[in-house]
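Note that the structure is a prediction, hence the values are computed from the model and not measured. In what follows, chains are A, B, ... by sequence order, proteins preceding strands, each numbered from 1.
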Protein chains: 2
Amino acid sequence: MRITSQREIILEELQRLKTHPTADELYEVVKKRLPRISIATVYRNLERLSEAGMIHKLEYGGRQKRFDGDTSPHSHVVCVRCGRISDVETRDDMEILDIVVDSKGYQILKCGVQFEGICPFCQERSKSKKD
Amino acid sequence: MRITSQREIILEELQRLKTHPTADELYEVVKKRLPRISIATVYRNLERLSEAGMIHKLEYGGRQKRFDGDTSPHSHVVCVRCGRISDVETRDDMEILDIVVDSKGYQILKCGVQFEGICPFCQERSKSKKD
DNA sequence: ATATCAATTAGTAATAATTATCAAAAAGGA
DNA sequence: TCCTTTTTGATAATTATTACTAATTGATAT
Ligand SMILES: [Mn+2]
Ligand SMILES: [Mn+2]
Ligand SMILES: [Zn+2]
Ligand SMILES: [Zn+2]
């Protein structure tokens, strides 16, 4: 895979952000450094980079995919209101795979704990709007 | 929430299927009993039923949502090739929430173990195609 | 049973996110 | 430099879902 400036900057900015951005959020950030870049280039490279294992594609809830420049093993919590994703610090791996009794013929490749919750922004919004 | 025949049959068929169907897969099944039903009615009711907690909406990977008529707590494995979802039998809950050290301000509502793997169908397909 | 009124429906249009296409540009040798 | 392959930007197409609307249905009160 060639290193183009587009590809390099997309990867750099994704690794810098800790927000697990969507493709269009990342596009807005990258555009500041490459004003002529196309949104299609962002989508294309996020796909290629995740195939290459250099980033992670997060396909939890919501309709938009999110991306993570941090490929070290860690868990996420997804806000059920707005779809925002944050890392969750967890204790060192109790062997979660050991809880499986029957995987119905599936060859299990990986497993992780997934949390759902309400993010600080949405908690604040609820408090003020009293809804 | 009113019980219409459409709503009743959508729920019945979803509870009968153990396949975690997509909206259009369920539409095809329901159409055999209600040939004049609209796909929009299926989408609308799946949304309403899941708001009411009578079914579960599964938004793991893939672009299509899947639905589960079984609302008892259980884990799923998602096929990374085709998106198919199966139940995973697990040992009784070790308190997974206890592994959280820092949830970054999120109010955590629920957590579950999510597995990724390759389903029996895709394993067979790999074997014969040798790709 | 009939009138009333809100909930729901079928059919279709609109939207949103992603993917596909393609000619032009850039990269990397020989 | 010239040639070949990869990548890009621009835009069209696709896909899944949601929104809209007039007509129908169901529940309730009279
Ligand atoms: Mn992360
Ligand atoms: Mn299930
Ligand atoms: Zn939120
Ligand atoms: Zn599969």
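- In this structure, the separation between CD1 on B/Ile39 and CD on B/Glu28 is 7.5 Å, given to the nearest 0.5 Å.
- The separation between A/Glu25 atom CD and C/dA17 atom C1' is 13 Å, rounded to whole Å.
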If the sugar-phosphate is the primed atoms plus P, OP1 and OP2 and the base is the rest, what is the B/S/- string for nucleotides 4-11 of chain C, using protein heavy atoms under 4.0 Å?
--BBSBBB
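- Side-chain atoms of B/His56 and B/Asp70 include no donor-acceptor pair closer than 3.5 Å.
- Rounding to whole angstrom units, CD of residue A/Gln64 and C1' of C/dT19 are separated by 15 Å.
- Rounded to whole angstrom, the span from the CD atom of B/Glu47 across to the P atom of D/dA16 amounts to 17 Å.
- A/Arg33 has a carboxylate O that lies under 4.0 Å from a charged side-chain N of A/Glu12, or vice versa, which qualifies the two as a salt bridge.
- Rounded to whole Å, the distance from OH on A/Tyr27 to P on D/dT8 is 14 Å.
- Residue B/Asp24 contributes atom CG, which lies 14 Å from atom C1' of D/dT14 at whole-angstrom precision.
- In this model, no donor atom of one side chain and acceptor atom of the other lie less than 3.5 Å apart for B/Thr41 and B/Arg7.
- In this model, the phosphate group of C/dA16 is not approached by any side-chain N or O of A/Lys65 to a distance below 4.0 Å at OP1 or OP2.
- Atom CG in A/Leu11 sits about 16 Å away from atom C1' in D/dT7, given to the nearest Å.
- Cation-pi contact between A/Arg66 and A/Tyr60: absent, since separation from the ring centre below 6.0 Å together with deviation from the ring axis within 45° is not met.
- Atom OH in A/Tyr43 sits about 13 Å away from atom C1' in D/dT15, given to the nearest Å.
- Under the 4.0 Å criterion applied to side-chain N and carboxylate O atoms, B/Glu47 and B/Arg44 are not assigned as salt-bridge partners.
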